[in-house]
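Report on one structure; see the data block that follows.
Each chain gets a letter, A, B and so on, in the order the sequences are listed, and its residues count up from 1.
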Number of protein chains: 4
Amino acid sequence: MAVTGPGGTPARERVHRAAVRLFATKGFHGTGIRDLAKAANLSSASLYHYMPTKERLLADIMRSSLQSLLDAALAELDGLDDPVERLDRLVVLHVTRHAREPMRTRVVDNEVDALTPASRRDVVGIRDAYEKLWSDALDDGLRSGVFTTTRPATTRLALLDMCNGVARWFSPGGELGRNDLAEHYADLARRLVGAPPRPPR
Amino acid sequence: MAVTGPGGTPARERVHRAAVRLFATKGFHGTGIRDLAKAANLSSASLYHYMPTKERLLADIMRSSLQSLLDAALAELDGLDDPVERLDRLVVLHVTRHAREPMRTRVVDNEVDALTPASRRDVVGIRDAYEKLWSDALDDGLRSGVFTTTRPATTRLALLDMCNGVARWFSPGGELGRNDLAEHYADLARRLVGAPPRPPR
Amino acid sequence: MAVTGPGGTPARERVHRAAVRLFATKGFHGTGIRDLAKAANLSSASLYHYMPTKERLLADIMRSSLQSLLDAALAELDGLDDPVERLDRLVVLHVTRHAREPMRTRVVDNEVDALTPASRRDVVGIRDAYEKLWSDALDDGLRSGVFTTTRPATTRLALLDMCNGVARWFSPGGELGRNDLAEHYADLARRLVGAPPRPPR
Amino acid sequence: MAVTGPGGTPARERVHRAAVRLFATKGFHGTGIRDLAKAANLSSASLYHYMPTKERLLADIMRSSLQSLLDAALAELDGLDDPVERLDRLVVLHVTRHAREPMRTRVVDNEVDALTPASRRDVVGIRDAYEKLWSDALDDGLRSGVFTTTRPATTRLALLDMCNGVARWFSPGGELGRNDLAEHYADLARRLVGAPPRPPR
DNA sequence: TATGAATGAGGGTTCATTCAT
DNA sequence: TATGAATGAACCCTCATTCAT
């Protein structure tokens with residue numbers, strides 16, 4: 001039996017949605033518990049039926065966001081060997097997600113410092129596992145000679161920063177669709193690592 | 001006769017330094033006026049001799065940071081026509097600055113939303129003027145055929161996001177020096193826009 | 001089911017009572033939010049369940065006080081034509097109220113300048129409506145010749161000032177009761193406007 | 001050698017003037033030391049060359065105001081016996097002063113509660129001496145039968161309240177001059193105490 | 001489930017005052 | 001005489017959180 005509060009949507013979901021939106025636009029510290037309550041159509045006391053703490057709510061959002069991204073990436077890469085294809089897939093997945101959920105992603109990217117040390121360890125752990133997929137693809141490509149760069153570590157960072165940027169400016173209603181955007185970024189990524197361009201469709 | 005408070009440094013400077021550091025690491029909303037005071041070796045009341053308001057302090061930091069970057073860029077580009085050289089110079093300047101003052105830059109990049117509408121207008125105005133230098137260089141290069149990309153607007157954003165990222169992870173004491181870093185980014189930037197690689201030294 | 005806090009009285013009422021007492025004796029600006037809290041047996045944070053703002057609390061007190069006085073006056077005068085009787089009734093009502101609630105009245109009389117422009121407009125509006133009842137009675141009496149004075153406007157002010165004064169010195173426990181006081185003031189008022197003395201009882 | 005600060009007027013006087021104006025319009029507690037400084041064209045630190053304390057400044061203003069009123073009243077009444085004439089003179093003096101210096105008078109009337117107990121004793125002492133002149137005149141008149149009232153104490157209060165009111169609404173530029181006003185109040189006062197009207201001029 | 005009431009701690013800011021210059 | 005710098009205490013108000021109902 002689904003329990004839906006006065007907003008028509010299950011309350012827990014409403015709280016998370018509201019939190020994502022507010023944390024993304026005003027920052028964790030800039031968002032008050034009352035803002036959250038109002039946005040979720042709940043009293044601030046009721047909020048605590050759906051979250052243990054404001055900080056834990058943030059941690060949950062970040063953790064689930066990153067975990068889902070990691071899971072998707074693992075599924076995407078499953079069985080693939082070719083570094084170029086792995087890079088392509090990682091970029092397309094990453095950019096697609098960032099374009100589909102820019103708010104959620106902005107929270108993940110900007111609010112790590114607001115976490116408790118314990119939560120922070122968890123979150124950074126997942127993030128590291130995710131970024132290792134990128135490092136591995138890059139390293140393999142460099143070893144096989146299909147990628148070229150004089151500074152692999154720095155190049156990897158540049159590549160990720162470039163892809164992360166999407167969440168900061170992409171607006172879903174714009175002229176450029178998510179898929180076209182992702183394709184374009186795959187092209188850019190190949191350029192960055194010195195891989196041959198993707199064949200035209 | 002320089003007036004220096006209990007910290008050995010002129011107080012106004014100490015306040016600004018402390019603010020940059022704290023705003024960068026804990027965020028504007030995460031930084032209390034008492035944190036600021038302690039970091040500047042001042043009472044919280046004394047803080048108000050050196051700033052009208054916490055928000056105006058932030059605005060001043062962002063404004064002066066951006067203005068100085070814009071001024072330096074204008075000086076750097078003065079008299080230059082070649083789009084490739086202009087891009088090189090912009091990237092080197094940008095990355096050097098971001099690596100020299102990562103804190104200050106992080107504040108500029110992350111705390112725009114904490115500004116008053118009025119301050120925000122000012123700050124965004126300067127930032128737009130600065131980014132126009134990049135757009136112009138890119139457009140000129142595309143027109144002359146020395147750059148190639150199917151989506152100029154998106155490519156410009158990707159390029160800037162990549163360069164901005166430096167401020168988020170660069171630590172001055174690391175193995176890679178500021179100048180080498182900047183050179184490497186100039187290489188990456190050329191790749192991104194499809195320009196010929198820079199000749200080896 | 002009445003909800004009563006640690007003071008035995010409904011909290012909202014306790015807050016208003018305390019505010020009236022403190023604003024009357026120490027002035028609005030001389031009363032701190034902590035004074036108010038202590039007097040209402042509440043923490044200063046809890047205060048804000050019962051008032052939006054210290055200033056709005058003041059405005060509410062003044063508004064309701066004046067409105068209730070105006071309503072009572074309108075009821076009192078309903079159907080009356082004779083200016084002398086109207087003046088008698090106004091004086092008796094006014095003085096009785098001022099003697100019954102000298103604190104509340106002192107706030108109304110002394111703290112208008114502490115109001116926000118918006119609140120001030122409201123409050124002064126009600127006060128003007130109330131004073132118009134006095135003006136009308138005076139004017140009617142002058143027109144009919146039952147009152148005589150060379151300077152009606154000034155006389156009206158003198159009359160009101162005289163009656164307002166009660167709130168500043170009347171203490172409920174004194175030898176003179178509220179009703180006797182009011183009767184005496186009705187006599188004085190008649191003298192002031194040159195009306196015949198009231199018949200002895 | 002007169003010492004005049006940057007305002008062209010002796011500084012001490014400027015401070016007092018400013019204090020009178022501000023205390024009258026915003027109240028003692030509503031007036032900050034910085035308001036005072038700005039109004040006196042001085043820094044807030046410099047203020048303390050001309051006053052020991054904000055409270056003592058208030059006390060000085062009130063004391064000198066009342067003392068000067070008392071002195072003038074004593075001079076005015078010197079050698080007079082007739083209660084009616086004494087009352088006339090007191091009213092005219094009182095009203096004239098209140099109309100000439102409404103600000104100063106408002107401070108005296110409204111800010112007694114802001115005084116230190118010690119200052120308060122001083123001030124109230126002078127005020128009591130002054131009011132005794134009124135009581136004496138009234139009592140003498142009642143004894144001699146030229147005044148009639150059933151409640152002398154209350155009537156005296158009503159009389160004083162009426163006269164004090166002038167300071168609250170009189171504005172020097174109005175249609176009614178100070179002297180005419182004072183004459184009118186003398187008429188009203190006679191009415192109040194049941195004395196025969198003053199002969200027409 | 002849902003919320004009004006309640007609060008200690010802290011938010012940013014201003015207070016009246018002192019003091020070295 | 002005049003003032004910038006400095007501050008502890010207090011300003012009004014909001015914070016995240018708890019709890020009885």
Mind checking the CZ-CG spacing from Phe23(B) to Asn110(B)? Nearest 0.5 Å is all I need.
13.0 Å
Working to the nearest 0.5 angstrom, can you tell me the gap between His49(B) NE2 and Ser43(B) OG?
7.5 Å
Do Tyr48(A) and Ile33(A) touch side chain to side chain, with heavy atoms closer than 4.5 Å?
yes
Does Tyr50(A) put a side-chain nitrogen or oxygen below 4.0 Å from OP1 or OP2 of dT1(E)?
no
Stems with DNA chain F, 3 or more Watson-Crick or G-U pairs in a row (under 3.5 Å), are E:2-21 with F:2-21
Take atom CD of Glu13(D) and atom P of dT1(F), then tell me their distance rounded to the nearest Å.
16 Å
Sequence neighbours excluded - salt bridge (charged side-chain N to carboxylate O under 4.0 Å, His left out) pairs with any residue from residues 44-61 of chain A
Asp60(A)-Arg63(A)
With salt bridge (charged side-chain N to carboxylate O under 4.0 Å, His left out) as the rule and sequence neighbours excluded, what pairs involving residues 19-46 of chain A come up?
Lys26(A)-Asp35(A)
Could you state the CG-P distance from Asn41(A) to dA2(E), rounded to the nearest angstrom?
11 Å
How does protein reach along nucleotides 8-15 of chain F, written 5' to 3' as B (base within reach of a heavy atom under 4.0 Å), S (only sugar-phosphate), or - (no contact)?
B-BBBBBB
Nearest-angstrom distance from the residue atom NZ of Lys38(C) to P of dT7(E):
14 Å
Find the distance His49(B):NE2 to dC19(E):P and express it as a whole number of Å.
15 Å
Output the rounded distance in Å from NZ (Lys26(D)) to C1' (dC15(E)).
13 Å
Mind calculating the distance between CG (Leu42(D)) and C1' (dA16(E)) to the nearest angstrom?
16 Å
Scan residues 106-116 of chain A for pairs that pass salt bridge (charged side-chain N to carboxylate O under 4.0 Å, His left out), counting only residues two or more places apart or in two chains.
Asp113(A)-Arg120(A)
Suppose we screen for side chain to side chain contact (heavy atoms under 4.5 Å, CB included). Which residues come up paired with Tyr50(C), at least two apart in sequence or across chains?
Ala11(C), Arg12(C), Val15(C), Leu42(C)
Between Arg127(A) and Val112(A), is any pair of side-chain heavy atoms under 4.5 Å apart?
yes
Euclidean distance, atom CG of residue Leu47(D) to atom P of dA16(E) [Å, nearest integer]:
10 Å
Flag the pair Thr53(A) / Leu57(A) as yes when at least one side-chain heavy-atom distance between them is below 4.5 Å, and no otherwise.
no
